[in-house]
Amino acid sequence: MPERPVVFMKDPGTVVGPYDGVLIPRGSTRTDWEVELGVVIGRRARYLEDAEEALACVAGYAVSHDVSEREFQLDYSPQWDLGKSCETFNPLGPWLVTADEVPDPQSLTLRLSVNGARRQHGRTHDMIFPVGEIVRYLSRYMVLEPGDLINTGTPAGVALGLPGTPYLRAGDTVELSIDGLGGQRQTLANA
């Protein structure tokens, strides 16, 4: 387990709707899925002292699909951005659920299936770093502004770690959900 959260940037242009198609980039050999709790910042956050102060800066939560191209991410650069920032690689929603409607962001269940086969099933209480710590940590190195999105990490079950590494292909359908935050469905196509 890492000593501190792993941080990478995703291009804001990756965000699409929860039912929009996801495009497999040209040259992709390892496009992968990741259901994640998305945290949306509601007020400026900088140099926060503790998790309580950090959680007070959260506007709300959403289902986030952190699609990744593993070859671009792991083989082409020491930074992960290339494999995380391809077009359509961050379906978000269907709703932004306000923080007051999610009394404990560490008590949610996340699910993801590909073509009807369950691939991920986890709980946010198993996160290495809880939401408040992630926001506090990031505020030490960058100013978080209202509307900023933080993807918080994914449970086990991504293609990268499965036998046969069953990466996504055109025509595959991914369905994902988080308790109280709704669900998404995307069909993959070639770019």
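Side chains included, hydrogens not; waters and symmetry mates left out as well; all remaining heavy atoms used.
Atom OH of Tyr61 is separated from atom CG of Leu149 by 12.5 Å, given to the nearest 0.5 angstrom. Atom-to-atom distance recorded for Tyr76:OH and Arg70:CZ is 15.0 Å, nearest 0.5 angstrom. Considering CG of Asp66 and CD of Glu36, their distance stands at 4.0 Å, rounded to 0.5 Å. Here the straight-line distance linking atom OG1 of Thr165 with atom CG of Leu160 works out to 8.0 Å at 0.5 Å rounding. Taking OG of Ser139 as the start and CD1 of Ile41 as the end, the distance is 9.0 Å to the nearest 0.5 Å. From Arg136, atom CZ reaches atom CG of Leu48 across 8.5 Å, with rounding to the nearest 0.5 Å.
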Show your reasoning for whether side-chain contact (heavy atoms from CB on, under 4.5 Å) applies to Ser28 and Glu71. CA-CA 7 Å; Ser28 171; Glu71 183 177 23; over 6 Å; no
Walk me through it: do Tyr167 and Thr31 pass the test side-chain contact (heavy atoms from CB on, under 4.5 Å)? CA-CA 6 Å; Tyr167 291 111; Thr31 297; 5.6 Å; no
Gln186/Asp20 under side-chain contact (heavy atoms from CB on, under 4.5 Å): CA gap, chis, key distance, verdict: CA-CA 6 Å; Gln186 296 98 39; Asp20 291 342; 5.9 Å; no
CA sep, side-chain torsions, deciding dist, call: Glu34, Asn151, side-chain contact (heavy atoms from CB on, under 4.5 Å): CA-CA 10 Å; Glu34 295 184 49; Asn151 288 337; over 6 Å; no
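Taking all atoms of both residues into account, the shortest heavy-atom contact from Cys86 to Phe72 is SG-CD1, 3.9 Å. Nearest heavy-atom pair, Val97 versus Gly180, reported as atom, atom and distance to 0.1 Å: CG2-O, 3.6 Å. For the pair Lys10 and Ser85, the tightest heavy-atom approach, listed with the atom from each and the gap, is CA-OG, 3.5 Å. Heavy-atom minimum distance, Pro91 versus Gly17: CB-O, 3.7 Å. Across all non-hydrogen atoms, the minimal contact from Pro166 to Trp33 is O-CZ3, 3.3 Å. Shortest non-hydrogen contact noted between Val143 and Arg46 is CG2-CB, 4.1 Å.
For CZ of Arg185, the number of neighbouring non-hydrogen atoms (other residues, nucleotides, ligands) closer than 6.0 Å is 12 at most. Atom CE of Met9 has 12 or fewer neighbouring heavy atoms from other residues, nucleotides or ligands inside a 6.0 Å radius.
In this structure the side chain of Asn190 never reaches within 4.5 angstrom of the side chain of Arg26, judged on heavy atoms. Inter-residue side-chain proximity for Thr124 and Pro105 is flagged as unmet; no heavy-atom pair is nearer than 4.5 Å. The side-chain heavy atoms of Leu112 and His65, taken from C-beta on, include a pair separated by under 4.5 Å. Between Phe129 and Pro2 there is a side-chain heavy-atom pair separated by less than 4.5 Å. At least one side-chain heavy atom of Met127 sits less than 4.5 Å from a side-chain heavy atom of Ile134. Using a 4.5 Å heavy-atom threshold, the side chains of Val35 and Pro155 count as touching. Side-chain contact check for Leu138 versus Val7: some heavy-atom pair is nearer than 4.5 Å. Looking only at side-chain heavy atoms (C-beta outward), Val174 and Leu188 come within less than 4.5 Å of each other.
Using a distance-only test at 3.5 Å, with no hydrogens or angles considered, no donor-acceptor pair links the side chain of Glu175 to the main chain of Gly116.
In this structure, Val22 is a member of the same hydrophobic cluster as Leu168, with clusters built from ILVMFWY side-chain heavy atoms closer than 4.5 Å. The cluster map of Ile, Leu, Val, Met, Phe, Trp and Tyr, joined by side-chain heavy atoms under 4.5 Å apart, puts Leu176 and Leu23 in different clusters. Connection of Tyr137 to Val131 is established within a shared hydrophobic cluster, with ILVMFWY side chains joined at heavy-atom distances below 4.5 Å, either directly or through further cluster members. By the rule that hydrophobic residues join a cluster once side-chain heavy atoms approach within less than 4.5 Å of another member, Leu55 and Leu37 end up as members of one cluster. Val40 and Leu108 are not part of a single hydrophobic cluster, where members link through side-chain heavy atoms under 4.5 Å apart.
Ion pairing between a basic and an acidic side chain is recognised when a charged N comes within 4.0 Å of a carboxylate O; Asp179 and Arg111 show such pairing.
A donor and an acceptor atom, one from each side chain of Ser113 and Arg118, are nowhere located under 3.5 Å apart.
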